[in-house]
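In the text below, chain A, chain B and the rest are named by the order of the sequence lines, each starting its count at 1. Just so we're clear, the structure is a prediction, and the values are computed from it rather than from any experiment. Both backbone and side-chain heavy atoms feed into the values below; hydrogens, waters and symmetry mates do not.
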Amino acid sequence: MKINLFFPLFLFAACFPLRAFALESANIQWDKKGEIRSRIYQDAVDNNAFEDKLVTDSMVLIKNNVWMLDHELLIKADVEGRLETFDNHDPSTDTSLRFKEDFLELTKGAQVFTFGEKIVTWGKLDDVVILDKINPQDYRRFVLYDKQERKRSALMFKYDYNQEDWKVESVFKPFFKPSLVNFFGSDWAVFQNLKQAVADSSVLSQAKKNIVSSIAIEDQDNVTDNDLKNGEAGIRFASKMNDVDYSLYYMNVHNSIPVLKEKTATGNLVKKFLYIPNADNLNALEAASPTGDDFILEKAHPRLNVIGADWETVIGAFGIRGETGVLLGQPFLRDDFSYVKKNLVSVGLGIDHTTSNDTYIDVQLIIDHVMDYERLFEQEENSKRLTGSIRKSFKRGIVNFNLDWSYSLSYQDTMINPRIEYKFNNGVSVSFGGFIFMGDQTTTFGAFTTKDLIYTEIKYLF
Amino acid sequence: MRNLFVGVIIAFCVLLAYRQSFAEAPSGASIIEKSFNRDDGKDSYSKIEMTLVDKQNNLRSRILEIYSKDFGDLTKTFLEFSKPADIKDTRFLSIEEKNADNTQYLYLPALGRARRIVSSQKNLAFVNTDYTYEDMQRRRPEKDAHKLIAEESLDGHSCFVVESIPRDGASQYSKRISWIDKESYLVLRVDFYDKKVQKTKELRVKNFEIKQGIWTITQVEMENLKDQHKTLMKLLEINYNQGLVDDLFTVYRLEKQ
């Protein structure tokens, strides 16, 4: 259980409304809101003994905004408590308590100074990351929550200069904070329950079991250390030309999602087995007689230079928006699973339309082009993906239907997430939904084809 | 001869009286222009309770705050919902343009950024109320052809009744008929007609009074006749001419915490 040292202070403040009253009387405004949410996931089909059949994910989020009006100072302190239960063959629970966002924000005329753990949203695409790279994300539950909910706050200094027609935002993050990705030991880990399945296998030899159990994935200490040399920075200029809102970006950041880097050439055989876990690849790994560093793969977060632009306008009955990013130094795995860095150009285009019967439709096309291409694992030179959503409200927003989807034109993997919600009048809502994943085992969504699920969510907003 | 003389005098007086009354009756356009340009402060802040009433009389209440400021003869409006929790922090910015549709942005907390509202969305319900995005913006007088069609009393207030027909068809309505109070030049009632020229909505002012020297509507009801659904708005607080900063009416402020 992770407990932030500041939490007792927050708890004290949150539990004493009289104290809040006293503060408010001194020209200080305290705005509190929050939510209690519980999701119950039911695995749609039993595929193996290791996957979770029933998972609960309960969360309490309390948001505090304290404005010291005389000084134009905002103190933000959001805290999130979470309890998850897993009902696989080895039932377990996981609890966490953490600050979501906590920062000080001082406004002096056109200038805004922010310091603390903050979430920044850049770019114009929904649920797609091309330029929205300031904050890392929590992928431990894969895509069961959307991009904004997955974001991890990061320690930063932020300086904004705002004019009526333009603004500049600059961000300096003194340390690097990676995205959270599990590689083993859960349904949503990259290699899911592979180690456990091998260990419990009745057909594999003890030698093979020993090889797989020896595989270790480690942090690259020099990147994840809290050292200023690992700092990141970004700048955004936003303005409007004619009827087009646009922004220009430059970022010097680390690739927040780890890509596995081998320590020895045999490490590539280890990766090959992990990504394509079949008998041939395990035999090949065993034949290479791996020892020591062969088993160790490092989570690489190479530094990226990102140059980009976004834009948004309205043409007739359509909202049109887009993002373009040139990512210099994006890591990939070659076809032989060795680690390599390439330059990548990503272009995204989104179209929004609301039909005359009030149905909202959003479609986004994302095209990636790898420069100086050579054969890569899971990555073509030019790849295209479509994502989108459809939303329809009934009974004036009391009943809401939502369908999110993603389909790769290049790899044919698909994610479909339908959801229907009923809102009661007192802040309580109940939702039913599901996730369906389709595609080849080596694709983003295809890797989770056995993880289709349905879920129920109860939420109370206050 | 005398009778003829008297007859001519009477005819002249009648003609004069007619001309006098014709000259005194203002045109529909001038009434709308005067109503549009009436003193509503250089800027204003208002806090409003909005209640949605369905045909079973179920109530859903919301609180919103509206900031408005004149920039020359154009107006910018910033709106923020503060209750209930499910739409708290939803914000809307409308920037009036002289010869084009207003530029409108909507900030949804779940999205984390502002998004442009497209023209077609202006015909749709604003966050499930009986107001559309088009209703949420001031309609400039020159966009419609106006005609004074009657003068009558409405709830004890002497009113001009003006018919307004969009000049370019760029509206969800085929026409509006407005009752404008002769004293305050407030619009006290509007009947909205759809493209089939059927009355679809009715806006009725329930109460108005002078606040800080400015005629102010304090209670208004918009009824959707088709759905038998109403949106009631009650003014909780108003402040005029507070010197609101320009910075408030920017996309930056829309996205700010």
Exercise for the section: Considering non-hydrogen atoms only, spot the tightest contact between T103(B) and K240(A) and give its length. Expected result: CG2-NZ, 3.5 Å
Handout entry: Sidechain N-carboxylate O distance under 4.0 Å for K33(A), D89(B)
Key = yes
Problem - Within 6.0 angstrom of K234(B) NZ, more than 12 heavy atoms from elsewhere - result: no
Handout entry: Residue among E105(A), E35(A), K151(A), E169(A) with most heavy-atom pairs under 4.5 Å to chain B
Key = E105(A)
Handout entry: Part of Y460(A) within contact of chain B (heavy atom distance under 4.5 Å)
Key = neither
Practice task
Kindly say whether L59(B) contributes a backbone atom to a donor-acceptor pair with the side chain of N425(A) at under 3.5 angstrom?
Solution key: yes
Exercise for the section: Evaluate the side chain to side chain contact (heavy atoms under 4.5 Å, CB included) criterion for residues K395(A) and N128(B): first the C-alpha distance (whole Å), next the side-chain angles of each, then the deciding distance (0.1 Å), finally the verdict. Expected result: CA-CA 9 Å; K395(A) 295 178 72 68; N128(B) 299 308; over 6 Å; no
Exercise for the section: Let me know if D227(B) has heavy atoms under 4.5 Å from chain A in its side chain, its backbone, both or neither. Expected result: side chain
Fill in the blank from the handout: Turns out that what part of N224(B) lies under 4.5 Å from chain A's heavy atoms comes down to side chain
Problem - Derivation and outcome, side chain to side chain contact (heavy atoms under 4.5 Å, CB included), residues E255(B) and T121(A) - result: CA-CA 10 Å; E255(B) 294 178 333; T121(A) 300; over 6 Å; no
Problem - Donor-acceptor contact below 3.5 Å, side chain E312(A) vs main chain R116(B) - result: yes
Problem - When N426(A), L74(A), I320(A), D245(A) are compared by non-hydrogen pairs under 4.5 Å with chain B, the top option - result: D245(A)
Practice task
With side chain to side chain contact (heavy atoms under 4.5 Å, CB included) as the test, would you mind laying out the steps for V314(A) and Q104(B) before giving the verdict?
Solution key: CA-CA 10 Å; V314(A) 167; Q104(B) 297 180 327; over 6 Å; no
Completion exercise
Value for CD (E164(A)) from CZ (F249(B)), rounded to nearest 0.5 Å, stands at 10.5 Å
Practice task
State, with a plain yes or no, whether a side-chain heavy atom of R396(A) is found less than 4.5 Å away from one of V127(B).
Solution key: no
Problem - Interface moiety of K83(B) toward chain A, non-hydrogen atoms closer than 4.5 Å - result: neither
Practice task
Against chain B, work out which of D165(A), L461(A), N162(A) has the most heavy-atom pairs shorter than 4.5 Å and name it.
Solution key: N162(A)
Exercise for the section: Kindly say whether K124(A) contributes a backbone atom to a donor-acceptor pair with the side chain of R113(B) at under 3.5 angstrom? Expected result: yes
Exercise for the section: Would you mind checking which part of S429(A) comes under 4.5 Å of any heavy atom in chain B, side chain (CB onward), backbone (N, CA, C, O), both or neither? Expected result: neither
Completion exercise
The reported gap from CG in L124(B) to CG in N357(A) (rounded to nearest 0.5 angstrom) is 9.0 Å
Practice task
Working to the nearest 0.5 Å, report the span between CZ of R253(B) and OG1 of T107(A).
Solution key: 7.0 Å
Practice task
Decide yes or no for K423(A) and D86(B): does some side-chain heavy atom of the first lie under 4.5 Å from some side-chain heavy atom of the second?
Solution key: yes
Completion exercise
Looking only at V120(A), V112(A), D126(A), the option with the highest number of non-hydrogen pairs under 4.5 Å against chain B is D126(A)
Exercise for the section: Dump the intermediate steps for side chain to side chain contact (heavy atoms under 4.5 Å, CB included) on D31(A) and K88(B), then the final yes or no. Expected result: CA-CA 11 Å; D31(A) 181 22; K88(B) 183 175 166 63; 3.1 Å; yes
Problem - Flag if over 12 foreign heavy atoms under 6.0 Å of NZ, K143(B) - result: yes
Problem - Residue, of T250(B), L111(B), D247(B), that accumulates the most heavy atom pairs under 4.5 Å with chain A - result: L111(B)
Practice task
Examine whether an atom of W67(A) lies under 4.5 Å from a heavy atom of chain B, and if so say whether it belongs to the side chain, the backbone or both; otherwise answer neither.
Solution key: side chain
Practice task
Give a yes or no on whether a salt bridge exists between R115(B) and D362(A), defined as a side-chain N under 4.0 angstrom from a carboxylate O.
Solution key: no
Practice task
Please state whether the side chain, the backbone, both or neither of T114(A) comes within less than 4.5 Å of a heavy atom of chain B.
Solution key: neither
